[in-house]
Amino acid sequence: MKKPPLETGPLPLRPLDRSFFARTPRRVARELLGKILVREDKTRLAARIVEVEAYLGIDDPAAHAAAGNTARNSVLFGPPGFAYVYFIYGNHYCLNVSCMPEGYGEGVLFRALEPVYATEAMAQARGVDLPTPATIAQLRMISSGPGRMSEALGITRLRDNGKDLTTSESALWLADDGFRPEKIVATSRIGITKAVERPLRFVIAGNAFVSGKRSL
DNA sequence: GAGGAGATCGTCT
DNA sequence: GACGATCTCCTCT
């Protein structure tokens with residue numbers, strides 16, 4: 001319908017190091033926009049991060065960590081740069097990365113991705129039939145939304161909870177390819193009932209793959 | 001195009 | 001036993 005869906009960064013993929021995540025989730029969230037989430041499967045799948053939310057630990061009523069350190073969310077309270085995957089609404093998995101030094105329970109939720117490599121394989125994992133050429137509306141069905149992107153990359157709690165996202169040895173990792181978003185917009189978080197007003201959702205302005213009815 | 005409700009199950013009370 | 005950091009389908013306009 002409008003702008004080209006796939007943009008590729010100028011550099012080869014380089015893993016983000018642990019110190020990147022040892023900061024506040026607000027900063028990590030902003031800087032994760034434009035980075036690449038890589039799944040090493042039969043083939044390599046990769047998609048650009050276009051929408052995230054920051055969750056501020058035990059003092060954030062909307063955060064899972066507000067309940068304290070439990071068996072479910074313990075990865076959040078561990079060292080930074082690890083995957084916290086949880087199951088929600090009986091249907092969906094959602095992916096977070098732990099932030100801050102050990103003990104804080106803070107993290108960033110991944111909400112939407114723009115397919116970059118192996119788009120066809122991701123569509124297949126979602127049960128989406130992609131015609132050629134596919135429209136933006138069809139491509140959006142692959143990974144615009146936390147549950148959708150997890151299904152597209154085959155992310156489950158059993159398989160991925162606790163994975164180190166800072167090394168390309170991992171089957172799931174985060175990379176920088178040199179791409180930098182032009183403009184970032186902060187809005188209130190989605191799907192929560194507490195602390196609704198705080199502007200902790202961050203999106204790449206104008207990106208068609210941001211979740212919701214319209215991109216900003 | 002908008003709005004509402006069902007699906008479905010792990011986790012915590 | 002209730003509910004949730006969601007998605008899809010269905011109905012109504």
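Note that these values count all heavy atoms, side chains included, but never hydrogens, waters or copies made by symmetry. Every chain is numbered from 1 and lettered A, B, ... according to where its sequence line falls, protein lines coming before strand lines.
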Discussion item. Does dA5(C) have OP1 or OP2 under 4.0 Å away from a side-chain N or O of Arg201(A)?
Written reply: no
Interatomic distance, [X] [atom1] vs [N] [atom2] [rounded to whole Å]:
X         : N       : atom1 : atom2 : answer
Asn91(A)  : dA7(B)  : CG    : P     : 11 Å
Ile88(A)  : dG10(B) : CD1   : C1'   : 9 Å
Arg126(A) : dT8(C)  : CZ    : C1'   : 10 Å

Practice prompt. Please determine if Arg140(A) forms a cation-pi arrangement with Phe209(A), meaning its NZ or CZ atom is less than 6.0 Å from the six-membered ring centre and no more than 45° off the ring axis.
Written response: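 The answer is no; the distance or angle limit is not met.
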Worksheet item: In the structure shown, which nucleotide is the Watson-Crick or G-U wobble counterpart of dT8(B), with both distances under 3.5 Å?
Response: none
Discussion item. Please name the nucleotide paired to dA5(C) by Watson-Crick or G-U wobble geometry with both distances under 3.5 Å, or report none.
Written reply: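 The answer is none; no pair meets the criterion.
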Over all strands shown, is [X] touching base, sugar-phosphate only, or nothing at heavy-atom distances under 4.0 angstrom?
X         : result
Thr193(A) : nothing
Gly147(A) : sugar-phosphate
Arg189(A) : nothing
Ile192(A) : sugar-phosphate

Response to the item:
Between Met141(A) and Gly191(A), the residue closer to the 5' end of DNA chain C by nearest nucleotide is Gly191(A)
Worksheet item: Taking the side chain of Thr70(A) as its heavy atoms from C-beta onward, which of dC7(C), dC12(B), dA5(C) lies nearest to it?
Response: dC12(B)
Discussion item. I want to verify a distance call: between dA5(C), dC12(B), dC7(C), whose nearest atom is closest to the Tyr55(A) side chain?
Written reply: dA5(C)
Practice prompt. Return yes if the base of dA7(B) and the side-chain atoms of Tyr89(A) contain a donor-acceptor N/O pair under 3.5 Å, otherwise no.
Written response: no
Discussion item. Between Arg189(A) and Glu53(A), does any NZ, NE, NH1 or NH2 come within less than 4.0 Å of an OD or OE carboxylate oxygen?
Written reply: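 Salt bridge: no.
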